[in-house]
K.L.:
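Have a look at this one before I ask anything.
The first residue of the sequence shown is numbered 1, and numbering continues consecutively from there.
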Amino acid sequence: MVQQTVLERGAHGIGVLLSEEAPHGHQALGGTVLPTNLGLGATFDPQGVQEAEAAVAAELAASGIHIALVSGLDIARDPRWGRCEECFGEDPLMAARMCEAIVTGMQGEHRSKVGHGGVAVVLKHLAAQGEAVGGRNGQSAVLGPHDLHEIHLPPVAAGVRAGALGFMAAYNDIDSVPCCANPWLLKDYLRDQLGFDGIVMADGLAVDRLEDMAGSIPAAGRAALLAGVDVSLWDEGFTRLEEYTDDEQVVAAVDTALRRVLELKAMFGLLPEDGADTAAIAMPSADAIAQATADGREQAKRMAREAITLINDGQSAATLDDIRSVIADAQAGPVIVAGPFADDFGCFLGDYTAPLPADEQSSVYRQLVARLGEDRVLLAAKPSDAPADQWARASTVVFVCGSTSERSYDSEFDDNGAAKAVTEYGATCGEGVDLSDIRLPWRQDDMLGEVAALTTAPIVSVAVCGRAHVLTDVLERSAVTIWAGYAGQYGPQAVADVLVDGADMSGRLPVTLPAYPAAIPVRYNDRQSAAHVYKDAAEPILRGFGYGAGSLAAVTFSEMHADTQSHPGEVLVQVTAHADDHGAAGAVNLFAHVSGGRRIPRLAMLVDSVYMDLNAGERRDIAFHVPCDRLRDVGDGQVQVTCTLDGDSTHTVTATLPGEY
């Protein structure tokens, strides 16, 4: 209907580019919902993300969509920021690899799928939005050019290398210059230095927000256009550019922007061809949509399972294996599912998600009932919901806690779609929900304390989180703690797979978990350690970036060595992995600490990550390739490369880079 109306009323027979929000799947009625990026980041599996995004792109293309607006450039630098769920984590290398996976999955190699079963990707947000002061959305990012390039721009460069056809300029400013009015960022760096040839889009109403800087709405439109913005989203500023018809700079910039948009339209057959008056628009196919949606659902299931991360096991006498045995024993006492999200589905979905059909909705409670029976599983969202004798008889308690980005129909929204007002039990994460206190909302720590006082049964806590909440009390009171991010529509099934079916957990934390609410921000790649700085919080880190006590915990490593000679321009680090009788899957991460230069080195840098799937008893050599360019900026001297498992540096090799930098 939209295309037909535009073709009939337009003067040139040109079709319209249709875009959809796709930050974690197809954010529309009936669309596939993947884990949010923070959950996908926990997989450390770019190949898996590429396959999942390819399925989402097929669903979009079958629906007649041309452009996917996809989060991926943002780095989670402060857990107070409500949009941390849209980040792949706090590490720039993993974010870069995931952005490359998004583009390749959705557009195909060398853009081969664009207009042929794939979509154009607009990566967002450019740039440094995660660095905003105090975790306040859209506000100033105060950082120097070195950290801008080292932390926030690697995903941008990766997106350009992969062939991304669009970038979205962010709301924030960088050292006072707004991103959508920053000619260095959008022209000098993006186009001249990286060679980007697609479109630059401004975020919703970002152009009009330049009014205070530019002096008027028309001047705001002019500033964004001349800085390199080609497309605005429902801004008035671009509709007022007619006021500058005598401005040669504006006229030339409009021509340039129009050409870029038309080139993109041509890729999708939206321009008339062969003398036709109008473009021939392909109609969406119901069968193709159904097939693509089915494929997308399977990918969502797989990624949900990969995102589940074990961050605590055997805190008390009971281990996860012990608890699984008790759950499997039909003669044992009841399994009580407690906590505010015990019977909640929306908490797993993340921001922007459209309502899903009732038959596709589930919860941890409903999944356990389906597998263990109604007589065995009890629901107690609040401690008072179950009588004292049931708590006394319980064999296991599953406490589902965390946060949610779910919006209700009576939620209020700002003019750009962000949450404007949050009710007492409304969204506690997502755009527009920045928090000053990152402890679990709604006094969940106290609730867990009440549960622990009512029962002697081991407690399994499932933390459904879109940011790095403080989980100190959760770990102390739980025998086992599972971090689930926002695992998407199949998150509840993935949790039940772990508890009932014994599924492995290959996930690793994509962010650092702080131990105290005010000891933030704290990141694994900071330059100075926060340990023993706060006199009231000597150890501010609860769990480090990359921590995961799951399936790879039983893998042993040996024969680690470094080679700086055989591969010019890189350090080659090799190690041998040995799987136990069970086998294992997951990412093995290599970290580096660099000394001997002109800068204070980072405490650690992720320099390579290899995702592996080992059969039972398999022995395999793993090679990490570390480009010297990633290490040179610090200077010459020794490069210490440390392979870490479960957050513990058990294998270390030291190499000296050749030459001076």
Side-chain angles (χ1 to χ4, degrees), residues 38 41-42 74-85 87 89-92 128-137 139-143 147 151-152 309 311-312 315 401-403 428-429 433-449 461 463-478 481 483 485 508-549 591 593 600-606 644 646-649:
L38 201 63
D74 299 318
I75 306 295
R77 299 283 288 171
D78 192 321
R80 290 172 292 186
W81 188 37
R83 304 187 78 170
C84 284
E85 65 179 88
C87 306
E90 66 186 52
D91 179 74
Q129 189 170 222
E131 199 75 42
V133 173
R136 300 193 290 270
N137 189 49
Q139 298 196 15
S140 299
V142 182
L143 75 168
D147 280 8
I151 296 294
H152 297 282
T309 304
I311 62 172
N312 187 46
Q315 179 72 18
C401 57
S403 58
T428 56
C429 200
V433 192
D434 307 326
L435 297 179
S436 63
D437 187 345
I438 59 166
R439 289 175 293 186
L440 291 178
W442 315 334
R443 301 179 64 84
Q444 292 179 67
D445 289 333
D446 293 342
M447 186 184 300
L448 180 56
S461 285
V464 185
C465 299
R467 52 158 52 94
H469 279 292
V470 173
L471 300 177
T472 304
D473 287 348
V474 173
L475 263 64
E476 289 179 352
R477 290 170 171 151
S478 308
T481 305
W483 188 88
R508 292 187 176 276
L509 283 174
V511 288
T512 300
L513 296 186
Y516 304 93
I520 56 170
V522 58
R523 290 78 54 123
Y524 91 96
N525 54 6
D526 285 333
R527 299 188 185 280
Q528 305 283 358
S529 173
H532 306 288
V533 173
Y534 299 105
K535 301 309 177 186
D536 58 344
E539 300 294 340
I541 294 177
L542 182 66
R543 288 286 186 267
F545 169 82
Y547 184 90
F591 294 88
H593 176 78
I600 298 174
R602 298 192 183 280
L603 299 172
M605 297 186 297
L606 180 68
T644 64
D646 305 330
D648 179 24
S649 299

K.L.:
Using side-chain heavy atoms (C-beta onward) and a distance below 4.5 Å, is V470 in contact with P514?
P.N.:
yes
K.L.:
Output the distance between atom CG (L435) and atom SG (C429), rounded to the nearest 0.5 Å.
P.N.:
7.5 Å
K.L.:
Considering all heavy atoms of both residues, which atom of T512 and which atom of F545 are nearest to each other, and what is their separation?
P.N.:
OG1-N, 3.6 Å
K.L.:
Do you know the tightest heavy-atom contact between V522 and E90?
P.N.:
O-OE1, 4.5 Å
K.L.:
Might you work through the side-chain contact (heavy atoms from CB on, under 4.5 Å) test for M447 and W442, ending with a clear yes or no?
P.N.:
CA-CA 9 Å; M447 186 184 300; W442 315 334; over 6 Å; no
K.L.:
How close do P521 and R80 get, heavy atom to heavy atom, and via which atoms?
P.N.:
CD-NH2, 4.2 Å
K.L.:
Ignoring hydrogens, what is the shortest heavy-atom contact between A604 and Y524? Give both atom names and the distance.
P.N.:
O-CE1, 3.6 Å
K.L.:
Give a yes or no answer on whether the side chain of E131 reaches the backbone of R77 with a donor-acceptor pair at less than 3.5 Å.
P.N.:
no
K.L.:
Check for a donor-acceptor pair, side chain of H593 on one end and backbone N or O of M605 on the other, with a separation under 3.5 Å.
P.N.:
no
K.L.:
Drop me the distance from L448's CG to S478's OG, to the nearest 0.5 angstrom.
P.N.:
5.0 Å
K.L.:
Below 4.5 Å, heavy atoms only, C-beta onward: do L143 and I151 meet side chain to side chain?
P.N.:
no
K.L.:
How many angstroms lie between CG in D437 and CG in L440, if you round to the nearest 0.5 Å?
P.N.:
10.0 Å
K.L.:
Between atom CG of L475 and atom CG of N312, what is the distance when rounded to the nearest 0.5 Å?
P.N.:
4.0 Å
K.L.:
What pair of heavy atoms forms the shortest contact from L513 to H469, and how long is it?
P.N.:
CD2-O, 4.1 Å
K.L.:
With a 4.5 Å cut-off on side-chain heavy atoms, are T481 and R543 touching?
P.N.:
no
K.L.:
How many angstroms lie between atom OH of Y547 and atom CG of L542, to the nearest 0.5 angstrom?
P.N.:
9.5 Å
K.L.:
Could you state the interatomic distance from CD1 (I438) to CD1 (I520), rounded to the nearest 0.5 Å?
P.N.:
4.0 Å
K.L.:
Using a strict threshold of under 4.0 Å (side-chain N to carboxylate O), is an ion pair present between D147 and R527?
P.N.:
yes
K.L.:
Does any N or O in the side chain of D445 come within less than 3.5 Å of the main-chain N or O of R439, such that one atom is a donor and the other an acceptor?
P.N.:
no
K.L.:
Determine whether R83 and D74 make a side-chain contact, defined as any pair of heavy atoms from C-beta on separated by less than 4.5 Å.
P.N.:
no
K.L.:
Is there a donor-acceptor contact under 3.5 Å from the side chain of D434 to the main chain of N137?
P.N.:
yes
K.L.:
So I75 and R523, do their side chains get closer than 4.5 Å, heavy atoms only?
P.N.:
no
K.L.:
Where do T428 and S403 come nearest, in terms of heavy atoms and distance?
P.N.:
OG1-CB, 3.1 Å
K.L.:
Suppose we call two aromatic rings close when their centres sit under 6.0 Å apart. Are Y516 and Y534 close by that rule?
P.N.:
no
